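Residue numbers begin at 1 in each chain, while the letters A, B, ... track the order of the sequences. Values below: every heavy atom of this structure, side chains too, minus hydrogens, waters and symmetry copies. Computed from a predicted model, the values in this text were never measured in an experiment.
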Amino acid sequence: MDVLTLSHVSKSFGQHRVIENLEFCIPEHTVYGFIGQNGAGKTTTMKIILGLLRADTGVITVNGKQVCYGQNHTNQFIGYLPDVPEFYGFLTPIEYLELCGEITGMEKREIRRRSEEMLELVGLSERKKRVQGFSRGMKQRLGIAQALLNRPKLLICDEPTSALDPVGRKEILDILHTVKEHTTVLFSTHILSDVERICDKIAFLHNGKLEFQGTLEEIRSQRQGRGFQIEFYRKEDVALFLKYFPGTVSEGGYKVLCERNMGNNMQNNMKYVEKNMTHAMEFVVKNNMAIRSIEMLETTLENLFMEVVGQ
Amino acid sequence: MRAFLAFTKKEWVELIRTGRLAILLVLFSLFGIMNPAVAKLTPWMMEMMADSLKETGLTVAAVKVDAMTSWTQFYKNIPIAMVIFLLMFGGILTAEYQKGTLINMLTKGLARWKVILAKGCIMTATWTVCYWLCYGITYGYNWYFWENGIASHLGLAAACVWILGIWLIAVMLLMSTVFQTSSAVLAATGGIALVSYVVGLIPKARKFLPTHLLAASGMLSGAGSVEEYWCAVWVTIGLGVLGLLAAVIVYNKK
Ligand SMILES: Nc1ncnc2c1ncn2[C@@H]1O[C@H](COP(=O)(O)OP(=O)(O)OP(=O)(O)O)[C@@H](O)[C@H]1O
Ligand SMILES: [Mg+2]
């Protein structure tokens, strides 16, 4: 079952079209990565899902119930971590979690147990200190604890790792990965390695449109066969090679890049890339060229990102 | 109900931990002490001045002070205390918008009217405690030094000003739902009080206006009758309730 579905969601701020006809759904127990540049509309999308902003058009359902702007009955299924979490500085983490628990109507004993459990999970040891003096990373941890407190069906995190050190980032990602068993996670980020580490499905948002979405496997199948690269020993060989294979480009020095669209109408297909490569190798052998290296190039998420963004 | 209580408790903890309550208690106590102190010191100051004035040829008649002098001071000073009180709570709602702390509460299902009501309750309770503390201290000293019996309708007159304070709290809450910054809220609240005052300059309208309650000290000397204030009391209470309702409605629309 899909925990979250969006269909034909659009949103403008005045003349500025921030989101255009957004459409995707998240099945249960998935970690869904939401990628996009600054200002791509990630936070805006999340706020619409939470009913904090009004969508101009479109329907959103959370756990089968439709989201209405300003109403918060669907929010009982959602745990939300804002991009810059703000808490009452005069409360301690335990007190803050208690307040959250009371508001969501949890039982007293349950609140106490769950608070301890969550603070343990996010590794926040200073639970008797007031939030006032917390660093951003500590606030982020408390943010995750409060978002998970009442066992939400859907956890929405807006850049959960942006304020964290490498160790903290890994810890938080591990947490998101483990809570997947009980909940569904939607999180936004700029950090592509995070996505590769834990996401089941990803979506690229660019100029308010979904440029690409799919499971990581689908992307992996794409990422192979971007092309290959040969490094020669002699300049003459480079020139000869470039002349014989018109689609290839010199990378400067002794390197030659053969992208997957080498030739004219090669497809983005592994088979063709492999064929191209063996073809090139035959040529190299036939002409007695010495090479330093030959290497298949993989499409990284970064390449994909750049491609989507158009750079 | 639990959500409301939890949020009210948070407001209460905030009041204590930010030191706001302590400051207000000290302040209102000082005001309470000041009233009889000023009354007590007046003759002495007059004497001092009389000495220096005598050299210039002026003579000052001895002044007689009693509880009335102290109560007059009370009604002269309490508006200042009221303004300070309002200044301290000017950002009670706007600070939460600006910091974004409320969003989390609202997304967790806290109804908006509970936010308004919790803040209103806490402010009213604080005002009540502070105000009657100030009153009580002045009353105690006056009883000790002089005789309170000389002033009539003491409690009634004091209650009038107390109600005025509650009205101002309701107005401020309403303004907090309309404006985004605390300075705008304070300016608007002050503006409304000023309108009430200016309209009150028309003699016919005066007795229907909340600010008329500030003149309730007239009851003490018997110069004004109690009946003269009933209208203003009811109008003030009515406007206060309306203000609170409007605040809830406006806030729900946001
Ligand atoms: N309240 C608002 N009024 C007007 N424009 C807004 C508002 N909120 C966001 N925008 C605009 O919408 C666009 C998308 O903003 P959004 O915050 O969703 O981006 P984002 O993808 O979360 O970016 P980041 O990666 O920096 O967090 C931006 O161009 C921003 O200027
Ligand atoms: Mg954002």
A/I103 portion near chain B, given a 4.5 angstrom heavy-atom threshold: both
Can you pull out the residues in residues 24-36 of chain B with any heavy atom less than 4.5 Å from chain A? none
Can you name the residues that form a side-chain hydrogen bond (donor to acceptor under 3.5 Å, both in side chains) with B/W167, not counting sequence neighbours? none
Between chain B and chain A, are any donor-acceptor pairs under 3.5 Å, and how far apart is each one to 0.1 Å?
unit_1, atom_1, unit_2, atom_2, d
B/R2, NE, A/E102, OE1, 3.0
B/R2, NH1, A/M106, O, 2.9
B/R2, NH2, A/E102, OE1, 3.0
B/R2, NH2, A/M106, O, 2.6
B/R17, NH1, A/F90, O, 2.7
B/R17, NH1, A/E95, OE1, 2.9
B/R17, NH2, A/E95, OE2, 2.8
B/E96, OE1, A/Y88, OH, 2.6
B/N104, ND2, A/Y96, OH, 3.0
B/N104, ND2, A/Q146, OE1, 3.2
B/L106, O, A/N72, ND2, 3.0
B/T107, O, A/N75, ND2, 3.3
B/K108, NZ, A/Q146, O, 3.0
B/K108, NZ, A/Q146, OE1, 3.0

Who passes side-chain hydrogen bond (donor to acceptor under 3.5 Å, both in side chains) against B/W127, sequence neighbours left out? none
Within a radius of less than 6.0 Å around OH of B/Y144, do more than 12 heavy atoms belonging to other residues, nucleotides or ligands occur? no
Note: vs chain B, highest number of non-hydrogen pairs under 4.5 angstrom among A/V84, A/I78, A/L81, A/L91 is A/L91
Chain A contact via B/I103 - which portion, at a heavy-atom distance below 4.5 Å: side chain
B/F4, CZ: over 12 other non-hydrogen atoms inside 6.0 angstrom: yes
Which region of B/F7, side chain (C-beta onward) or backbone (N, CA, C, O), has a non-hydrogen atom less than 4.5 Å from a non-hydrogen atom of chain A, or is it both or neither? both
Answer yes or no: does atom CZ of B/F85 have more than 12 heavy-atom neighbours from other residues, nucleotides or ligands under 6.0 Å? yes
Got more than 12 heavy atoms from elsewhere within 6.0 Å of CZ, A/F134? yes
Max heavy-atom pairs within cutoff under 4.5 Å with chain A, candidates B/G100, B/G109, B/A111, goes to B/G109
